[in-house]
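Here's the structure, in structure tokens; my notes come after.
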4 protein chains.
Amino acid sequence: MTTKAKRRYEPDRRDRIIDSALDVIAQYGVAGTTHRRVAEAADVPLGAMTYYFKGMEELLQEAFARLADTMSSQLRTTLEAVKTKEQARQAIIDWACSEMWKSKRNLILAFELTAFAAREPSLRPQLERWMGISEGYLSQHFGKSTAKVLDAFVDGVVMHNIMSSNHITRDEVTEFVQKLTA
Amino acid sequence: MTTKAKRRYEPDRRDRIIDSALDVIAQYGVAGTTHRRVAEAADVPLGAMTYYFKGMEELLQEAFARLADTMSSQLRTTLEAVKTKEQARQAIIDWACSEMWKSKRNLILAFELTAFAAREPSLRPQLERWMGISEGYLSQHFGKSTAKVLDAFVDGVVMHNIMSSNHITRDEVTEFVQKLTA
Amino acid sequence: MTTKAKRRYEPDRRDRIIDSALDVIAQYGVAGTTHRRVAEAADVPLGAMTYYFKGMEELLQEAFARLADTMSSQLRTTLEAVKTKEQARQAIIDWACSEMWKSKRNLILAFELTAFAAREPSLRPQLERWMGISEGYLSQHFGKSTAKVLDAFVDGVVMHNIMSSNHITRDEVTEFVQKLTA
Amino acid sequence: MTTKAKRRYEPDRRDRIIDSALDVIAQYGVAGTTHRRVAEAADVPLGAMTYYFKGMEELLQEAFARLADTMSSQLRTTLEAVKTKEQARQAIIDWACSEMWKSKRNLILAFELTAFAAREPSLRPQLERWMGISEGYLSQHFGKSTAKVLDAFVDGVVMHNIMSSNHITRDEVTEFVQKLTA
DNA sequence: GATGAATGAGGGTTCATTCAT
DNA sequence: GATGAATGAACCCTCATTCAT
């Protein structure tokens, strides 16, 4: 009878909380992320926060872990269909210019994650694995050096395009990927 | 015997506080940066924090402004002696492999800054100016596209080398800078 | 042995806090009323203050609202049994010489309230309602002018008797109420 | 050469500070009266506050003392020309309806003062003297009882007229003063 | 299992006051 | 004498966390 329906039998509350945590981090930064804000964003009672997570730390770690997972799998999806060197070039260009980076949300999260991971050793493996993905795929088609460098190049382009208003176009990316992999 | 010395008439305390703030940010992140921690790091009384700065916001902004300034001027120093295209190549390689990035401190700060600036529009200009420096110098020797891309490449290398344990060597950087600027 | 008892599930804590707030205001003035002092007076943890009240402002407003309520209802009790003009005279005299004003507490609070209300428009309605009560009752037995004036007279007597040591006696009050209502 | 002229040889700075203190009290209440606000209102350096006054307490006391003085002397001026009983009646009516009470400033100050004096015994004598003034003059023309009561009546009228929007008119005051002094 | 009322540590900030100049 | 830079105590308030239900 009350306006606020009781909320029971909700299997993936934990998941929803994690997603909401990422939203809150994107909006307020890790600095401004509080149990209260996340609870409200996820529409769960405050008590649920420490019921599902041992503490703020655990929540942040899981949130960033999920972020890394999500991005990794997107990247993987882009890369795993690759058969030829030319497809590899195309895939890496696609990724650099992906829609994913059009919204600032993901990049902000990536920066927050990076800064956070630098202080939270437990996140390092996840981060390294993520960063290793493209190298893994790329090294099937190019040398190891080229793979590393291509990877770094893409990261740089993404960062550059978000931070600066002087964008690098798809054509420019294409041109230089050609040069790097000639 | 370390009694609390009276501490008056100390010029450039403001400066010391800003430096300490950067130290604290590097260690605890913006999230964990508090007046109390900074005050202790700078060895000034708590009251000094809001005496010298209108509030936490102002302190963070000035800290990041200084960071941007410091890095900018280092970068400028590296680049301004450049006369020939070959020197430009060398300078950019030097910068990518600079000692500056050996300590995680600066990179962590750069990430915190970036994430913070994304939410603090007042920091954007400073950040953009910083990011534009190398492009400015590089475009005197290469085309505009190449300048942008070189810049992104260097950022990517730096980031890659900090985040991943699979480092890109100086030789590799050199090789690919050659290719990009051929 | 006065260890700090655990103190949960205590109904009407909010009420006790409000009462304690009035005590503190009476003793230290609004100027000297702090969360800490009230918390100690009410024997509740400091955190309870802003848990039960959005802020100091809300606490003060509720405290003064209660004061007005309490006094209003006492006044009403005194007046509502009145049937005849003579009873009305008696009631107003009773009120002027009421025990309520023997303790300075209530008068001090009344002054603090008045001064506070002058700057806090949200309290005005409550204050006006309070001031209108006796007029309402009195005007059933005397003219409107007389009601207003009787009201003012009583307020003046009360104030005078608290502030000055040269008291107005009950007999004197009686005599002049007779003259005013003759 | 600076825009802010040095301020020297200013004989009555202390006085100006006291006046400004009353302004600040009227605007913010004793609760909101700080050295900084008074210093700004008086346009004196902050350091002057504790140079001229031992502390906030002393400042408040002197401010309220001056308030009492000012009001007393105005009252005295109104009353001292009185020769006949009729003039005394007129004078007291004038005072009750005086312009002084038209501005809320003075009444607010009076309330703040009263509340403050109740807690600051050192102000009591001043307050009693003030309250005794009109009685002194009035008792030359009426009986002691009547004098006391007239005094209280006037105070009540003033208070009523400020606090309530249901004003007592001059005619009504006149009518009841006649009754009280018949 | 799940909740939300309750707590107290610690946050940013203000301010009366001190004291070297 | 007069100042204002400097201090630290105390302010209000937020929040992660606990625990009785």
Side-chain angles (χ1 to χ4, degrees), chain A residues 4 6-10 13-14 31-39 44-60, chain B residues 4 6-11 13-14 17 31-39 44-60, chain C residues 4 6-11 13-14 17 31-39 44-60, chain D residues 4 6-10 13-14 31-39 44-60:
Chain A
K4 184 120 181 183
K6 283 286 174 65
R7 206 168 265 284
R8 304 190 170 255
Y9 303 128
E10 202 181 347
R13 269 237 289 226
R14 235 185 95 93
T33 298
T34 67
H35 274 163
R36 278 168 172 76
R37 281 211 247 248
V38 176
V44 298
L46 177 57
M49 299 306 296
T50 44
Y51 178 71
Y52 289 107
F53 302 90
K54 207 161 57 183
M56 184 93 262
E57 186 118 328
E58 186 177 310
L59 174 58
L60 287 176
Chain B
K4 191 98 164 197
K6 280 292 173 62
R7 204 173 269 280
R8 302 198 166 232
Y9 298 122
E10 191 186 354
R13 265 233 296 222
R14 232 185 100 94
I17 292 174
T33 298
T34 68
H35 274 162
R36 282 166 173 78
R37 280 211 249 248
V38 176
V44 298
L46 176 57
M49 299 308 296
T50 42
Y51 176 70
Y52 288 107
F53 303 90
K54 207 161 55 183
M56 182 93 269
E57 185 123 327
E58 187 176 308
L59 175 57
L60 286 176
Chain C
K4 189 99 164 199
K6 281 292 173 63
R7 203 172 270 281
R8 303 198 164 229
Y9 298 121
E10 194 187 352
R13 265 230 300 218
R14 233 185 99 92
I17 292 175
T33 298
T34 68
H35 275 163
R36 279 165 174 77
R37 282 212 247 247
V38 176
V44 297
L46 177 57
M49 300 308 295
T50 43
Y51 176 71
Y52 288 107
F53 303 90
K54 209 160 52 185
M56 183 95 266
E57 185 124 326
E58 188 178 306
L59 175 58
L60 287 176
Chain D
K4 185 118 180 184
K6 281 290 176 63
R7 205 168 264 288
R8 306 194 168 250
Y9 302 128
E10 202 182 349
R13 266 233 297 221
R14 234 185 97 94
T33 298
T34 67
H35 274 163
R36 277 168 173 74
R37 281 211 247 249
V38 176
V44 299
L46 177 57
M49 298 307 296
T50 43
Y51 178 71
Y52 287 108
F53 303 90
K54 206 162 55 184
M56 184 93 261
E57 187 117 328
E58 187 178 309
L59 174 59
L60 287 175

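A, B, ... follow the sequence lines: proteins, then strands. Residue 1 opens every chain.
Taking a pair as Watson-Crick or G-U wobble with both distances under 3.5 Å, the runs of three or more consecutive pairs in DNA chain F are E:2-21 with F:2-21.
Distance, C:Arg37 CZ to F:dA10 P: 10 Å, rounded to whole Å. The separation between D:Arg14 atom CZ and F:dG1 atom C1' is 15 Å, rounded to whole Å. What separates CG of A:Leu60 from C1' of F:dC15 is a distance of 14 Å, to the nearest Å. What separates CZ of A:Phe53 from P of F:dT17 is a distance of 13 Å, to the nearest Å. As a whole-Å value, the separation of A:Met56 CE from F:dT18 P is 14 Å. Distance, B:Glu57 CD to E:dG11 P: 18 Å, rounded to whole Å. Regarding D:Leu59, its CG atom lies at a distance of 10 Å from the P atom of E:dA16, rounded to whole Å. The CD1-C1' distance, from C:Ile17 to E:dA6, rounds to 11 Å in whole Å.
Under the 4.5 Å side-chain criterion, counting only non-hydrogen atoms from C-beta, B:Glu57 is not in contact with B:Leu60. Looking at heavy atoms from C-beta onward, A:Tyr52 lies out of side-chain contact with A:Val44 at the 4.5 angstrom threshold. Put simply, the side chain of B:Leu59 reaches to within 4.5 Å of the side chain of B:Met56, judged on heavy atoms.
Contact record, C:Ala39 with C:Leu46: CB-CA, 4.0 Å, taken as the closest heavy-atom pair. B:Arg13 and B:Ala48 make their closest contact through NH2-CB, 4.2 Å (heavy atoms, listed as atom of the first residue, atom of the second, distance).
Side chain A:Arg36 to base F:dA16: a donor-acceptor pair is found below 3.5 Å.
Put simply, C:Tyr52 has a side-chain N or O that comes within less than 4.0 Å of OP1 or OP2 on E:dA6. An OP1 or OP2 oxygen of F:dC11 is reached within less than 4.0 angstrom by a side-chain nitrogen or oxygen of C:Thr34. At E:dT13, one or more side-chain N or O atoms of B:His35 fall inside 4.0 Å of OP1 or OP2 (strictly under the cut-off). At least one side-chain nitrogen or oxygen of A:Arg13 sits closer than 4.0 Å to the OP1 or OP2 atom of E:dT3. Phosphate contact (OP1/OP2 of E:dT7, side-chain N/O of C:Tyr51, threshold under 4.0 Å): absent.
Taken from CE in D:Met49 to CZ in D:Arg37, the straight-line distance is 12.5 Å, to the nearest 0.5 Å. From C:Arg14, atom CZ reaches atom OH of C:Tyr51 across 11.0 Å, with rounding to the nearest 0.5 Å.
Taking for each of D:Leu46 and C:Leu46 the nucleotide of DNA chain E with the nearest heavy atom, the 5'-most of the two is the partner of C:Leu46. Each of A:Gly47 and C:Thr33 was assigned the nucleotide of DNA chain F with the nearest heavy atom; the assignment lying further toward the 5' end belongs to C:Thr33.
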